[in-house]
Amino acid sequence: MKFKKITILGLFLCVALLIGYLENLIPFSVGIPGIKLGLANCVLLLILECIGIREAFLFAVIRVFLSGFLFGNFSSIIYSMAGSLFAIIMMMLCRKAKCFSLVGISIAGAVAHNIAQLVVAFFVFRSKVIWYYSPYLLLAGCAAGFFVGYLTKLLLPILRKIGINRV
Amino acid sequence: MKKADLFMLLGVVLLSCLSLCCFWFTRARYGQKVVITSQQNEIGVYELQSDRTIIIPCGEAYNVVEIKDNHVRVVESDCKNQICVQTHAISNSGESIVCLPHKLIVTIE
């Protein structure tokens with residue numbers, strides 16, 4: 001049972017890293033720093049739903065370090081660490097609250113991720129100019145969170161069918 | 001989607017509209033000056049009306065800012081993500097271009 005869990009988490013980690021990398025390769029830019037779809041969050045949501053909260057937290061932290069060392073640099077690790085930690089904490093709270101669906105949890109995570117990165121950017125730049133991006137980032141978080149949440153909702157029954165549930 | 005989801009979505013959208021309105025109404029109407037800040041230090045203030053090109057060094061890296069026809073844009077940078085270069089040219093007060101890797105802010109006041 002335990003080996004199965006480790007194997008599945010490792011597989012999920014590979015998929016998340018690959019998705020994150022592929023997402024960077026696709027030239028999608030709206031001219032506002034920090035706006036992206038965050039498809040890797042799909043994997044995190046699946047773990048949160050299928051495996052458990054503790055594993056999801058561990059997964060989020062490890063993913064930040066691995067993708068930071070592989071594709072990023074020190075400053076990108078700080079940005080994504082802040083974003084990921086705040087996002088996973090908000091998603092855990094929303095999951096515990098039990099009144100949100102998967103889409104709601106995903107939106108909360110995406111918005112929290114963007115807010116945390118804005119705060120880090122504010123402390124790096126120490127300029128109020130950073131806050132001008134907040135409305136756009138909040139809206140982008142809603143849109144991306146909705147999309148990712150919906151996608152996860154579609155994926156969930158497929159994963160349950162092949163036996164990845166409560167391992 | 002559940003009811004709580006919709007309320008949260010509505011809340012966030014409302015919040016962003018509110019902050020958008022806030023920035024919209026507090027900004028000065030016509031931008032005159034281009035302020036360039038790098039690594040938390042103000043590099044210089046330039047007239048928006050006079051065309052020029054400014055090279056901003058950042059250690060071994062650099063950004064090239066161009067002021068032309070009352071518009072400002074970053075024409076070149078050796079940063080990794082190139083978001084500053086892809087940002088459209090700015091001309092109104094309160095607008096800004098940010099290069100996260102080089103800690104550069106170009107803003108119009």
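Chain letters run A, B, ... following the sequence lines, proteins first and then strands; every chain starts at 1. This structure is a prediction, so every number in the text was calculated from the model and none was measured. Basis for what follows: all heavy atoms, side chains included, without hydrogens, waters or symmetry-related copies.
Residue contact with chain A, scored on non-hydrogen atoms closer than 4.5 Å, involves the backbone of B/C99 exclusively. Within the 4.5 angstrom heavy-atom criterion, no atom of A/K128 approaches chain B. For B/S96, the parts lying near chain A are the backbone and the side chain together; criterion is any non-hydrogen pair under 4.5 Å. Interface remark: A/V111 contributes side-chain atoms only to the contact with chain B (heavy atom separation under 4.5 Å). Using a 4.5 Å cut-off between heavy atoms, B/K80 touches chain A through its side chain atoms alone. Within the 4.5 angstrom heavy-atom criterion, no atom of B/L6 approaches chain A. For B/L104, the part lying under 4.5 angstrom from a heavy atom of chain A is the backbone only. Neither the backbone nor the side chain of A/A97 comes within contact range of chain B, judged by heavy atoms closer than 4.5 Å.
Side-chain contact of B/E95 with A/Y132: a donor-acceptor pair under 3.5 Å is absent, judged by distance alone. Counting only N and O atoms by type, the side chains of B/D5 and A/S101 include a donor and acceptor under 3.5 Å apart.
For the ring-ring contact (aromatic ring centres under 6.0 Å, His included) test, residues two or more places apart in sequence or in another chain that qualify with A/Y21 are A/F71.
We find that B/R52 and B/E66 are not joined by a salt bridge, their nearest charged nitrogen and carboxylate oxygen being 4.0 Å or further apart.
Within a 6.0 Å radius of CD1 in A/I162, other residues, nucleotides and ligands contribute more than 12 heavy atoms.
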